[in-house]
Amino acid sequence: MTFCTRFAPSPTGPLHLGHAYSALLAFDMAQAHDGTFLLRIEDTDTVRARPAWEDLIYADLAWLGITWAEPVLRQSEHLQRYNDVLMSLAARGLIYPCSCSRSDIRAALSAPQEGVTPPPVYPGTCRHRSMSDRKPGDALRLNVSAALETVQLPIEFDEMGICAKNMPTFDAPYFTRQIGDAVLGRKEIETVSYVLAAVIDDAAQNITHVIRGADLFDTTPLQVLLQELLSLPTPIYVHHRLIRDDAGKRLAKRDDARAISYYRAQNLYPKDIRAMTGI
Ligand code: GLU
């Protein structure tokens, strides 16, 4: 098995220190294992993705001294491939159309207890609907209970990062109570959600190690469930610590003060970025 990892940014804003940390960690690990480092542009969010942000990603990574094997996979060029997978799940009766808005979902959830945020689990309002009744603007949801009947439980994966301690058991109640019927096809026709596109491409690109921030750990059980449903291999996951701002908050795309392009403009060096991220 040749070590192969990827950095998979969404071009919806400038890369910041947290992205630099993730990309450098993955790049260094690939080098150390004599493996391959790939760049994947996750631009299925056609509303927020911008070519200018994508160009900045290439420039920032090159400035950091990161090189990647060509070609770069741009997800917007593969929507048909993702849609084919969605339709294969539809043919197995595992997805259904959903027209609920965020406020419909909130209203259908039982009244929240004081001080307790209700889990964001979809209450299943549209679960009775069939694909033949799909209307433009409907999202497509996974019928998670039906999906769980077709796989071996509990769902398991190898975690080599900071989340390895205290891994919960990903059994049927975990999925029905904490994940629910996840959206796999978004409201925009023929646009898949990030969770599914990433699973399809991790397999298509023979990724052996997914190295990414711990904020994506909670997405992993669903992604592994999708791998099981689609008979795709499960990579090893390495969830790393998050780079936080001075107040301890996770960096967001709008944190321009920590954008790599800002540090470049300040004439800092890539070694300064490595030092700032603790690499
Ligand atoms: N595109 C995702 C993001 O920018 C990363 C997905 C992943 O690494 O699996 O947050």
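Whatever order the structure lists ligands and atoms in, that order sets their numbers, starting from 1.
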Should the pair Lys187-Asp138 be classified as a salt bridge under the 4.0 Å nitrogen-to-oxygen rule?
no
Has ligand 1 got any nitrogen or oxygen that is less than 3.5 angstrom from a nitrogen or oxygen of Pro9?
no
Could you walk me through whether Asp215 and Arg241 pass salt bridge (Lys or Arg N to Asp or Glu O under 4.0 Å), step by step?
CA-CA 9 Å; Asp215 52 334; Arg241 67 183 167 84; over 6 Å; no
If we number the atoms of ligand 1 from 1 as shown, the ones under 4.0 Å from a heavy atom of Arg212 are 7 (C), 8 (O), 9 (O)
At a 4.0 Å threshold, what atoms of ligand 1 neighbour a non-hydrogen atom of Arg6?
7 (C), 8 (O), 9 (O)
Does this structure show an ion pair linking Arg81 with Asp201, if we count only N-O contacts that are shorter than 4.0 Å?
yes
Is Ser10 touching ligand 1 with its side chain, its backbone, both, or neither, if touching means heavy atoms under 4.0 Å apart?
both
Going by an N to O cut-off under 4.0 Å, is there a salt bridge joining Arg129 and Asp133?
yes
Part of Tyr194 with heavy atoms under 4.0 Å of ligand 1, whether side chain, backbone, both or neither
side chain
Return yes when His19 approaches ligand 1 closer than 4.0 angstrom through a heavy atom, no otherwise.
no
If you take the centroid of each ring, where Trp contributes its six-membered ring, are Tyr269 and Tyr263 closer together than 6.0 Å?
no
